[in-house]
Structure formats: C-alpha cells, structure tokens
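Every chain is numbered from 1, with letters handed out A, B, ... down the list of sequences. All of these numbers come straight from a predicted model, not from anything done at the bench.
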Amino acid sequence: MKYIPGIIALLLMAVFAACEDETKTCDQSLLADIGINFKKDSLNGYIDKDTIWPKVTLCALDKDTIISQQARSSVYFALDPLTDTCRYYLKLDSAAVADTLTFRYTRKPHFVSPGCGFATFSTLDTVLCTFHTIDALKINNREVTSDNTQNITLYFIY
Amino acid sequence: MIILRTLLYTLFISLFAVAAQAQVKKDTIPAPVKDSTQKSPSNAGLKIRQATTFKAQAAKDTTSPKAKSAKDSAALKAKPAPAKIVDSTYLSNAGIRIGLDISRFALLYFQPYRTDVTVQADVRLGQKIYGAIETGWNRTSHNTDTTYSYKGSGIYSTIGIDYDFMKKKETTEQNMLYGGIRYGIARNTYEIPFYTIKNDYWDANTKGSYPKTTITSHWIELVFGLRVEAAKNLFLGWGVREKIMLSSGADDSHPPIVIPGYGSGTKRSQFDMTYTVSYMIPLYKVKVHVPPDKKK
C-alpha cells in the first residue's frame with residue numbers, strides 16, 4: 001500500500017506523456033532566418049568585440065524595410081524561399097555608406113513538428129558583399145535553420 | 001477546449017488510479033486455499049517438503065487459546081486456511097498468455113489521427129522469468145487543410161523478457177509485479193500528399209509533397225507493470241514504458257508523425273503506457289522453489 005502514491009505519480013506522468021496530441025500545438029519556431037552579428041575589428045584582427053551600430057536599416061532589394069534606423073548588434077532575416085539567391089541592402093549608420101549582401105544557397109523543405117508543419121531550411125553556398133563600411137565577412141555556419149544561429153559575422157574597422 | 005481535455009485527463013487518470021488501488025488491495029487479501037495437509041501432494045499438484053511443519057502448525061492453531069471449545073475447534077478445522085509457504089518446492093500453472101492492449105483504443109480519443117491495434121503474449125520460462133512478445137498495427141492520417149496532410153501505416157513487433165518481483169503468498173497466486181526489457185522493430189510507409197510553407201515578408205506560398213517512403217526503425221523499451229489474475233486465468237494489467245530509439249531510418253527533414261509501436265517519430269525517447277486484458281492458456285507446470293522464511 002505504501003507504493004500507491006508512487007504508482008499513481010508514475011501513471012500520471014505516463015498518461016500525460018502518452019496521450020499528448022502533438023498535432024494540436026506548435027511549440028517551435030517556423031522562422032528559418034539567417035543571423036548576422038557585428039564585430040569591431042581592432043589591431044588587425046587580434047581583438048574582436050561585439051559592437052552595436054546605432055541606426056541600422058535593412059531590407060531586401062525592392063522589398064519592404066525590415067529594420068529602419070534601429071540600434072542593433074545583430075540582425076535576423078529570411079532568405080527568399082522561391083529562388084536560390086537574394087540580395088539585401090544594409091546601412092549601418094546614417095553617416096555610413098550602405099552595403100549590399102548577396103546570398104546564394106540551396107533550399108530544402110523541413111518538417112519541423114506535427115503541430116507546426118513545414119519550414120524552408122537553406123544551406124549557404126556563397127555570400128558576397130560590398131566593402132563600403134564592411135571590412136570583412138566570415139561564414140560561421142552554412143545551415144540556415146530555425147534555431148537562431150548567427151550564421152555570418154561582419155567585421156568593421158573604425 | 002483545454003479545460004475539457006484537462007477534465008478528461010483527470011477522469012482517465014482517476015479511473016486508472018482506482019483500478020490500480022483495487023488491484024493492489026486484492027493482492028493483499030490471501031485467497032482461500034485448501035489445506036495442503038489434507039490432500040495428497042500428487043492430487044494438489046503440490047510437493048511440500050516440510051509437510052511435518054505444516055501439520056505442526058495446524059495442530060498448534062487448533063489448540064490456540066482462542067479456540068477454547070470443541071465446537072470452535074471443529075469450525076476452524078472445516079474452514080479452508082491459506083496455504084502459507086515456509087520452505088517448499090511446488091508446481092505452478094504456466095502456459096501462453098495472450099492479451100489485447102485496450103489503452104490503444106482509448107488513445108484514439110486523445111490522438112484522433114492514429115489508430116492502433118496491439119496484441120501481447122507471454123510465456124513463463126522459469127520461476128520468475130517470462131518471455132514476452134508483442135505485435136501490432138498502426139494507421140495514421142492527419143489533414144490540417146492549410147499546412148500539410150499526412151498518411152501512414154505500418155506494423156511492428158517487440159520481443160523481450162520480464163522478471164517477476166512479486167513474492168508469492170500462496171502457491172496458486174499468479175499475480176505479478178514485473179520489470180523487463182524489449183527490443184522493438186517497426187516497418188512503416190508514409191507520405192505527405194501536400195504541404196504549404198508561407199512567408200509573409202517575401203509574400204511567398206511554397207507548395208510541395210513528399211513521396212511514399214518505407215522505413216525500418218529499431219528501439220529498446222524498459223517496462224514496468226502489474227498484472228493481476230481477476231478471474232481464473234483472466235488477467236488485467238497496466239504497464240509503463242520508456243522507449244529509446246536506436247535507429248529510425250527516417251530522413252531528418254521528413255520524419256514520420258508516428259512510428260508503429262514506438263509512438264512519435266520526432267522524439268528520440270518517450271513514455272508510454274498500456275492496459276492489457278489477457279487470458280492464460282495453461283499448458284505446462286513450472287517448478288517453483290520458495291526459500292525458508294528468515295523471520296521464523
């Protein structure tokens with residue numbers, strides 16, 4: 001008889017776990033955004049520190065603005081799910097000259113969960129950019145998924 | 001809707017809790033068994049090594065202070081006393097026990113997209129060891145109308161052993177409190193006839209499908225449960241399981257929603273529970289040795 005509370009607790013746990021309807025709730029993000037963070041490059045790369053740009057403006061070419069003159073140390077945005085390439089306009093400060101980022105990638109549909117459905121994940125092939133304000137670009141992770149990874153680091157010297 | 005589901009969960013759990021309590025209570029009450037001293041060992045299917053000990057106890061009982069009058073003594077003699085085991089070897093009924101997991105039908109209410117049928121069987125291999133096998137079928141069908149639809153079906157089997165931890169109080173007792181391990185294998189086919197991915201920023205609506213795919217999965221199960229003989233050879237039992245996936249064989253980008261016998265195709269491990277009604281067909285007898293009671 002002394003085992004009854006333990007048995008009931010075990011049953012409770014098992015029932016909740018076993019009877020969960022996974023198709024009812026979406027508990028994961030469907031946003032498979034590429035992440036870019038900003039670093040200040042000093043002493044020819046010997047010291048890299050995260051940096052915040054005061055007035056960041058970001059948009060895809062010929063599309064609506066995603067971020068408009070906001071202070072940011074990183075940005076997240078979606079790659080075009082209909083084509084294997086897209087271009088973004090990035091202006092880091094009102095006084096700075098804007099740069100253009102060009103992404104080439106392969107797309108693949110990914111089943112996120114029974115409750116969420118599908119998202120488009122991508123694998124970066126090439127990333128090109130102009131170097132008006134940007135000093136260097138580094139690809140940290142080529143897989144663009146829904147786990148909020150910072151795929152690219154942009155380095156600046158100022 | 002959430003409140004209704006919570007209420008139903010609570011009701012479901014309460015029923016199981018009450019059932020478990022009733023079963024355990026039943027276990028604690030010793031069922032009347034004919035006095036082994038009055039029957040020959042061959043007739044009872046019982047070999048009592050220390051018959052003299054039993055006789056001595058019976059004699060002691062009838063001359064106890066409570067039984068003062070001769071009338072009382074006769075009444076005590078007529079009543080069948082439980083055959084307590086001190087140190088003996090006896091033969092216990094064994095055979096193949098076949099059952100149906102009725103929790104799979106209840107699961108249809110909570111997870112309406114899946115239909116499962118599970119049949120279990122076990123055989124007694126030794127005093128405390130049972131060989132267990134389980135087989136079943138699953139069909140999964142899910143349609144969200146907006147994001148994706150899914151169709152799948154398959155079969156599975158598990159094989160393993162159970163160890164009975166319960167110390168028997170009577171020679172006829174068949175109840176068991178068991179733990180065990182299983183190896184499971186499933187083969188299922190699934191397809192995604194359509195899916196849609198929306199992207200508001202790019203104003204894109206990507207549509208596609210995933211072709212019919214057949215996979216084979218392997219997993220290990222750790223089992224713990226209780227099985228009680230509710231009527232002669234008819235057993236009721238519940239069990240909890242922890243299932244650990246070894247290899248699902250599915251593409252990471254398109255896993256199945258349900259793997260037959262395992263459950264969610266997107267999880268590496270998971271809990272499950274069963275409630276089984278089973279019937280034992282007695283086929284043979286197993287020799288059971290009970291060590292001497294240390295208290296005495």
Side-chain angles (χ1 to χ4, degrees), chain A residues 1-28 30-33 58-60 62-67 76-83 86 88 107-121 123 143 145-146, chain B residues 1 5 8-9 12-14 16-17 20-21 24-25 28 103 106-107 109-113 142 144 146-148 150 177 192 195-206 208-210 224 226 238-242 251-258 263-267 270-274:
Chain A
M1 290 296 280
K2 63 183 176 182
Y3 298 116
I4 293 290
I7 291 167
I8 290 171
L10 197 67
L11 270 174
L12 266 169
M13 203 163 60
V15 165
F16 275 104
C19 296
E20 181 195 2
D21 185 347
E22 287 188 293
T23 61
K24 290 285 180 195
T25 50
C26 178
D27 54 357
Q28 293 177 58
L30 278 173
L31 297 171
D33 287 353
L58 176 76
C59 67
D62 303 323
K63 298 293 284 182
D64 296 338
T65 307
I66 298 170
I67 300 164
Y76 289 87
F77 52 90
L79 300 174
D80 188 347
L82 297 175
T83 61
C86 66
Y88 269 86
R107 295 162 290 139
K108 56 189 171 195
H110 185 91
F111 186 69
V112 176
S113 74
C116 301
F118 283 80
T120 303
F121 285 7
T123 304
E143 300 301 322
T145 62
S146 57
Chain B
M1 192 64 189
R5 277 185 64 189
L8 284 167
Y9 277 139
F12 191 63
I13 292 155
S14 306
F16 271 92
Q21 269 187 323
V24 174
K25 274 179 185 171
T28 56
S103 70
L107 199 62
Y109 180 79
F110 296 100
Q111 298 175 352
Y113 53 91
H142 181 59
T144 62
T146 52
T147 54
Y148 74 99
Y150 178 96
L177 179 73
I192 296 158
Y195 66 81
T196 306
I197 306 169
K198 279 188 177 179
N199 188 306
D200 292 333
Y201 180 70
W202 290 95
D203 196 22
N205 216 354
T206 313
S209 63
Y210 190 71
F224 177 79
L226 187 70
W238 58 258
V240 288
R241 297 175 179 207
E242 171 67 9
D251 183 1
D252 282 345
S253 62
H254 293 87
I257 293 181
V258 174
S264 172
T266 54
K267 291 179 181 172
Q270 64 180 75
F271 260 116
D272 196 6
M273 69 166 300
T274 58

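- Contact record, A:Asp64 with B:Tyr201: O-OH, 2.6 Å, taken as the closest heavy-atom pair.
- The side-chain heavy atoms of B:Thr196 and A:Phe118, taken from C-beta on, include no pair separated by under 4.5 Å.
- Nearest heavy atom pair, residue A:Phe111 against residue B:Thr266, reads CE2-CG2, 4.3 Å.
- Closest of all the heavy-atom pairs between B:Ser264 and A:Glu22 is OG-OE1, 2.8 Å.
- When heavy atoms are compared at a cutoff of 4.5 Å, B:Asp251 does not approach chain A at all.
- Within the 4.5 angstrom heavy-atom criterion, atoms from both the backbone and the side chain of A:Cys59 approach chain B.
- A:Pro81 approaches B:Ala204 most closely through the heavy-atom pair CG-CB, 3.6 Å.
- Within a 6.0 Å sphere centred on NZ of B:Lys198, other residues, nucleotides and ligands contribute 12 heavy atoms or fewer.
- Within the 4.5 Å cutoff, no side-chain heavy atoms of A:Cys116 are placed close to those of B:Thr147.
- No more than 12 heavy-atom neighbours from other residues, nucleotides or ligands sit within 6.0 angstrom of CG on B:Asp252.
- With a threshold of 4.5 angstrom between heavy atoms, A:Ala119 approaches chain B through N, CA, C or O but not through any side-chain atom.
- For the set A:Leu82, A:Asp80, A:Leu31, the entry with the most heavy-atom pairs within less than 4.5 Å of chain B is A:Asp80.
- Ring pair B:Trp202/A:Tyr88 is perpendicular by interplanar angle, where above 60° counts as perpendicular and below 30° as parallel.
- For B:His254, the parts lying near chain A are the backbone and the side chain together; criterion is any non-hydrogen pair under 4.5 Å.
- Taking OG1 of A:Thr23 as the reference point, atom NE2 of B:His142 lies at 4.5 Å (rounded to 0.5 Å).
- The nearest pair of heavy atoms linking A:Thr120 to B:Ile197 is OG1-CD1, 3.4 Å.
- At a 4.5 Å heavy-atom cutoff, A:Leu30 makes no contact with chain B through either its backbone or its side chain.
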